[in-house]
Number of protein chains: 2
Amino acid sequence: MAKSGASSRLRQPGAEGSTDTRRVLVEAAIETLKADGFAGASARAIAGRAGCNQGLVFYHFGSVVNLLLAALDAVSADRLEHYSAAVDRVTTPTELIDVAAAIFGEDLDAGHVTVLVEMIAGASSTPGLGPEVAARIAPWTQFAQAATQAAFGGSALDSVIPPSTVARGVVALYLGLEMLTHLDGDRAPALELFDRAKELASLFQALSAVPSAAGPKEGS
Amino acid sequence: MAKSGASSRLRQPGAEGSTDTRRVLVEAAIETLKADGFAGASARAIAGRAGCNQGLVFYHFGSVVNLLLAALDAVSADRLEHYSAAVDRVTTPTELIDVAAAIFGEDLDAGHVTVLVEMIAGASSTPGLGPEVAARIAPWTQFAQAATQAAFGGSALDSVIPPSTVARGVVALYLGLEMLTHLDGDRAPALELFDRAKELASLFQALSAVPSAAGPKEGS
DNA sequence: GTCTATACTTGGATAGAC
DNA sequence: GTCTATCCAAGTATAGAC
């Protein structure tokens, strides 16, 4: 937008050729992480996919890992926003799990979570990368905690397990399922798990409706 | 000790210098995966840690990934044997979870599961590696299924979720918790999760004792 | 059969062209 | 300010020494 001075530079048709190089590189970095993993995400591989010179990685981001972190930022922001929108419309535990299952399917198809997994695993190989990645994963746990609290708040689950612990477990399970499913391509067990979790949740829902009123939301 | 044919070859003191080069390389590969991850596990890095020439990686294993797979084999065999021994002495769900928590602590300290995670995540970067890794992870799910069935068999859990699904979920959670804990170094949430799971299990234990006799083991 | 020295390829980073 | 041509380090793999 606002591309001043359209100096008819010859480039690939469709590419604007100047300020959005960063954007193109970030997008290519994401795709490369999905397709070739952290170990395969070299400056050359990324630039090749972006259709530009590999030196641009270093000009625009300073280093490969910095570009990779920008990619993680982009994926994280995009997904968390998407999640928030989807979760906003839920009130009950079973609805939450339904939404989670649907989103899990999306993430699996598009490979969004692969980016997280690759960055977490790849963090071991580069000194100083760990904390950077950790800071970008934290919002996921935070979101999971908010979402579970919104749906399970005041239920039986809430009193038997601290919300932060649940959130951590949910994120861990999400990452683990993504890894295993990505590895062997069989998504049936994961979807089955969501299905059963929903049944268990409805059980909890029924149980927590019985005892002393915890109050159905404020005002009643 | 027992250094046959003392042909006074000069080597590092302590190293026997001949047939166990493979063993030393496998051990070094494991340590390198733990410390530097898949992306950092180059032939040079591993050989350096093993204290031998990097060419030996290719002589003994043909390629780096082959050595890495041998490392995964070794870790997997070692751990699964250890798990079996520990689980053999368990009969109740709460005991199983106690054992699982203890073993999780061990694995975290020693970095055993890091090897799995790195290999799973690294599989994306090398064509054909995925199925090889998948074949080596399958026994873990198998073991988890056997263990949960031994402890939860005939309980309420068994009838609401298929054992294979539970096993998959347990392995996924285990891998995910390892990743997150390894990333930020905070093992408290994971241990808390085991603790709460134990409470829930004892609840299930109590519930499943009430209804129509599913039969305490065969016979009776 | 074991291992080392060397060939060749790919990757990270920058000096300098535009 | 943006990008390309080039440099050097690190990686895989093998030919050949022992």
Side-chain angles (χ1 to χ4, degrees), chain A residues 2-12 15-26 28-29 32-33 35-71 118 122 125-129, chain B residues 3-12 15-26 28-29 32-33 35-71 122 125-129:
Chain A
K3 191 184 178 278
S4 56
S7 56
S8 68
R9 267 192 155 305
L10 69 100
R11 283 235 133 248
Q12 296 96 326
E16 299 215 340
S18 59
T19 64
D20 53 3
T21 303
R22 284 182 64 99
R23 258 175 40 90
V24 174
L25 277 173
V26 168
T32 306
L33 279 172
D36 305 333
F38 183 92
S42 67
R44 289 180 139 88
I46 297 168
R49 199 179 284 265
C52 67
N53 191 288
Q54 60 91 20
L56 292 177
V57 168
F58 301 95
Y59 171 66
H60 284 289
F61 297 92
S63 69
V64 174
V65 287
N66 273 6
L67 170 53
L68 261 27
L69 284 172
E118 290 296 330
S125 67
T126 309
L129 184 52
Chain B
K3 184 167 184 292
S4 59
S7 57
S8 67
R9 269 195 153 303
L10 67 102
R11 284 234 134 249
Q12 298 96 325
E16 298 214 341
S18 60
T19 65
D20 52 4
T21 304
R22 284 182 64 100
R23 258 175 41 90
V24 174
L25 277 173
V26 169
T32 307
L33 279 171
D36 305 333
F38 183 91
S42 67
R44 286 179 140 86
I46 296 168
R49 197 180 285 267
C52 67
N53 190 289
Q54 61 92 23
L56 291 177
V57 168
F58 301 95
Y59 171 65
H60 284 290
F61 297 91
S63 70
V64 175
V65 287
N66 273 6
L67 169 53
L68 261 28
L69 284 172
S125 68
T126 308
L129 185 52

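Excluded from the calculations below are hydrogen atoms, water molecules and symmetry mates; all remaining heavy atoms, backbone and side chain alike, are included. Below, read A as the first sequence line, B as the second, and so on, with proteins coming before strands; counting in each chain starts at 1.
With rounding to the nearest 0.5 angstrom, the CG atom of A/L33 is 8.5 Å from the CG atom of A/L67. Rounded to the nearest 0.5 angstrom, A/H60 NE2 and A/T21 OG1 are separated by 4.5 Å.
Residue B/R23 contributes atom CZ, which lies 15 Å from atom P of C/dT2 at whole-angstrom precision. One can place CG of A/D20 at 15 Å from C1' of D/dG1, the figure rounded to the nearest angstrom. The separation between A/F61 atom CZ and D/dT2 atom P is 12 Å, rounded to whole Å. The CG atom of A/L56 sits 11 Å away from the P atom of D/dA5 (whole-angstrom rounding). What separates CZ of B/R22 from C1' of C/dG1 is a distance of 13 Å, to the nearest Å.
Residue pairs meeting the salt bridge (Lys or Arg N to Asp or Glu O under 4.0 Å) criterion with at least one member in residues 50-60 of chain A, sequence neighbours excluded, do not occur. Judged as a salt bridge (Lys or Arg N to Asp or Glu O under 4.0 Å), the pairs with a partner in residues 42-57 of chain B (not counting sequence neighbours) are, in order, B/D36-B/R49.
With hydrogens and angles disregarded, a donor-acceptor distance shorter than 3.5 Å links the side chain of A/E118 to the backbone of A/F38.
Residue A/T21 has a polar side-chain atom (N or O) positioned under 4.0 Å from OP1 or OP2 of D/dC3. Dashed line: the shortest gap from a side-chain N or O of A/Y59 to OP1 or OP2 of D/dC3 is not under 4.0 Å. For the pair A/H60 and D/dG1, the criterion of a side-chain N or O lying under 4.0 Å from OP1 or OP2 is not met.
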For nucleotides 8-12 of chain D, list the nitrogen or oxygen atoms of the protein found under 3.5 Å from its nitrogen or oxygen atoms, one pair per line.
residue	atom	partner	partner atom	Å
D/dG11	OP1	B/S42	OG	3.2
D/dG11	N7	B/R44	NH1	2.6
D/dT12	OP2	B/A43	N	2.9
D/dT12	O4	B/R44	NH1	3.2

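A search for side-chain contact (heavy atoms from CB on, under 4.5 Å) contacts involving B/F58 returns B/A43, B/Q54, B/V64, not counting sequence neighbours.
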